[in-house]
Amino acid sequence: MSATFTLIDPSTAQPIREIGRADVAETDAAIARAVVAQRSWAALPPVGRADALRAFARVVEEHVEELAQLEVRNSGHPIGSARWEASHVAQVLNYYAGAPERLSGQQIPVAGGLDVTIHEPYGVVGVIVPWNFPMTIASWGFAPALAAGNAVVLKPAELTPLTALRLGELALEAGLPRGLFEVVTGSGSVVGQRFVSHPDVRKVVFTGSTSVGVDVAAGCARELKPVTLELGGKSANIVFADADLEKAAAAAPAAVFDNAGQDCCARSRILVQRSVYDRFLELLEPAVGAWRVGDPADETTEMGPLISASHRSTVEGFLDGANVAFRGSAPEGDGFWFPPTVVLAERGDRIARDEVFGPVVAVLPFEDEADAIRLANDTIYGLAGSIWTENLGRAVRVSRGVKSGVLSVNSHSSVRYWTPFGGMKASGLGRELGPDAAEHFTETKNVFFAT
Ligand code: TAP
């Protein structure tokens with residue numbers, strides 16, 4: 001590749017290395033290699049694909065530390081989180097290694113013959129990934145797609161390609177055929193758009209902002225190709241007066257400041273029942289103050305820098321005119337640092353409805369259960385959310401009322417590779433992960449045999 005892009009370490013603001021920027025011809029060449037590799041991959045017996053994916057998982061497991069160190073440098077993720085992310089990729093591969101042998105169709109009763117359905121792979125799947133969780137989000141697309149018999153072309157975000165490139169090499173080390181898993185670095189407007197427009201890419205998985213997601217979906221509609229969209233979020237952390245307040249306040253910082261708030265599932269609104277609002281803020285302040293922000297290579301660090309200088313300016317812009325209640329600490333000096341920040345917001349404020357994608361949380365009071373649901377739904381998004389209450393009936397009613405794809409009660413967990421993940425409203429279309437994901441990378445063919 002002749003054109004290049006300079007990668008920057010977000011914790012030092014220093015250059016790391018140059019990365020190639022593919023043009024349309026280079027993207028087309030990768031897609032052509034994938035088309036060829038897919039034919040023999042799909043022709044393998046299911047156990048052959050299962051074994052190959054298990055081998056890939058094993059090689060990733062052997063390189064967890066290396067992948068984690070790359071993510072620390074390229075994305076500024078704390079080393080503990082980065083190790084979890086690399087291990088997660090191996091687990092996702094292992095989980096979907098079980099799929100080829102379970103992709104059964106149906107036998108449907110008909111008169112005059114036998115009717116069966118067959119799950120056939122699309123062919124080549126394009127996976128477009130953002131910079132916030134480069135490895136994990138890529139694996140949610142490529143592992144089930146490969147398991148179902150597809151080839152994959154993966155476009156990492158231009159800011160964070162290092163782990164994706166290494167995963168491409170590890171796939172070859174594990175024995176996956178050349179061309180089956182192509183990693184194409186370059187800009188979204190060139191490489192990503194080519195995945196959308198190229199006739200041989202038969203399905204697209206896009207994770208990123210809602211505005212780009214809408215364009216990607218429109219482009220896929222023009223080509224009549226299916227698309228899965230994982231988009232933005234403005235998730236609510238709803239704390240009722242009957243909750244274990246100490247536990248809810250202790251857990252709240254991690255729910256929004258993990259990955260410096262650059263998390264689509266960040267609980268970036270804390271909605272607190274008015275009768276316990278003051279008490280909750282008293283408990284939250286020391287928990288935010290204790291949140292450890294600093295060198296991502298330090299084993300004790302809980303939060304690293306933001307991804308870039310321009311993203312830091314965007315996050316800062318959200319604080320114009322905001323009522324900042326208290327803030328945590330952040331290092332001085334180079335690097336794109338930003339302290340964890342708690343804002344007291346009013347309904348309708350921009351900070352209470354728009355995605356910040358940084359370590360800023362808006363706290364709002366609510367009156368009762370119906371008000372909590374109304375407020376939680378007062379955003380275009382519907383990705384994740386948490387409900388803190390000791391009342392089981394309330395937990396059920398509120399989790400039914402909140403329009404989000406992924407909710408948790410008395411916890412902030414959002415991602416388990418064996419349960420479905422995805423958003424409602426402007427947060428997305430379709431679901432990833434869970435037991436059905438491999439099937440989403442197939443088309444159903446119906447065959448009738450006359451007797
Ligand atoms: P985007 O700017 O939307 O970029 C996401 C990916 O799309 C990048 O690889 C980007 O490439 C590529 N892209 C940009 N323009 C494109 C186009 N016209 N056609 C095809 N691809 C294009 O998002 P981001 O800033 O990287 O990520 C932040 C957003 O992603 C947030 O809104 C966040 O909530 C969302 N997100 C959602 C989830 C889930 S699972 N719902 C997970 C993580 C992030 P380049 O940047 O390299 O040009």
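Every number for a ligand or one of its atoms is a count from 1 in the order of the listing. Residue indices begin at 1 and follow the sequence shown.
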Check: Leu146 and Leu176 side chains under 4.5 Å, non-hydrogen atoms: yes

No-hydrogen, no-angle side-chain donor-acceptor test under 3.5 Å, Arg327 and Thr341: yes

Heavy-atom pair of closest approach, residues Phe195 and Lys225: O-NZ, 3.1 Å

Any side-chain heavy-atom pair of Thr389 and Arg397 under 4.5 Å: no

Thr228 and Lys203: side chain donor to acceptor below 3.5 Å: yes

All pairs passing ring pair (Phe, Tyr, Trp, His ring centres under 6.0 Å) where residues 294-351 contributes a residue, at least two apart: Trp131-His311

Quick one: table the atom pairs, ligand 1 N or O against protein N or O, below 3.5 Å, distance rounded to 0.1 Å.
from: ligand 1; atom 1: 3 (O); to: Ser209; atom 2: N; distance (Å): 2.8
from: ligand 1; atom 1: 3 (O); to: Ser209; atom 2: OG; distance (Å): 2.6
from: ligand 1; atom 1: 9 (O); to: Val129; atom 2: O; distance (Å): 2.7
from: ligand 1; atom 1: 9 (O); to: Lys155; atom 2: NZ; distance (Å): 3.3
from: ligand 1; atom 1: 11 (O); to: Lys155; atom 2: NZ; distance (Å): 3.1
from: ligand 1; atom 1: 11 (O); to: Gly188; atom 2: N; distance (Å): 3.4
from: ligand 1; atom 1: 18 (N); to: Gln193; atom 2: NE2; distance (Å): 3.4
from: ligand 1; atom 1: 19 (N); to: Gly188; atom 2: O; distance (Å): 3.4
from: ligand 1; atom 1: 19 (N); to: Gln193; atom 2: NE2; distance (Å): 2.9
from: ligand 1; atom 1: 23 (O); to: Ser209; atom 2: N; distance (Å): 3.3
from: ligand 1; atom 1: 25 (O); to: Trp131; atom 2: NE1; distance (Å): 3.1
from: ligand 1; atom 1: 26 (O); to: Trp131; atom 2: NE1; distance (Å): 3.2
from: ligand 1; atom 1: 30 (O); to: Gly208; atom 2: O; distance (Å): 3.2
from: ligand 1; atom 1: 30 (O); to: Ser209; atom 2: N; distance (Å): 3.4
from: ligand 1; atom 1: 32 (O); to: Glu355; atom 2: OE1; distance (Å): 2.7
from: ligand 1; atom 1: 34 (O); to: Glu355; atom 2: OE1; distance (Å): 3.3
from: ligand 1; atom 1: 34 (O); to: Glu355; atom 2: OE2; distance (Å): 2.6
from: ligand 1; atom 1: 41 (N); to: Leu231; atom 2: N; distance (Å): 3.2
from: ligand 1; atom 1: 41 (N); to: Leu231; atom 2: O; distance (Å): 2.7
from: ligand 1; atom 1: 47 (O); to: Lys155; atom 2: NZ; distance (Å): 2.9
from: ligand 1; atom 1: 47 (O); to: Glu158; atom 2: N; distance (Å): 2.7
from: ligand 1; atom 1: 48 (O); to: Gly188; atom 2: N; distance (Å): 2.9

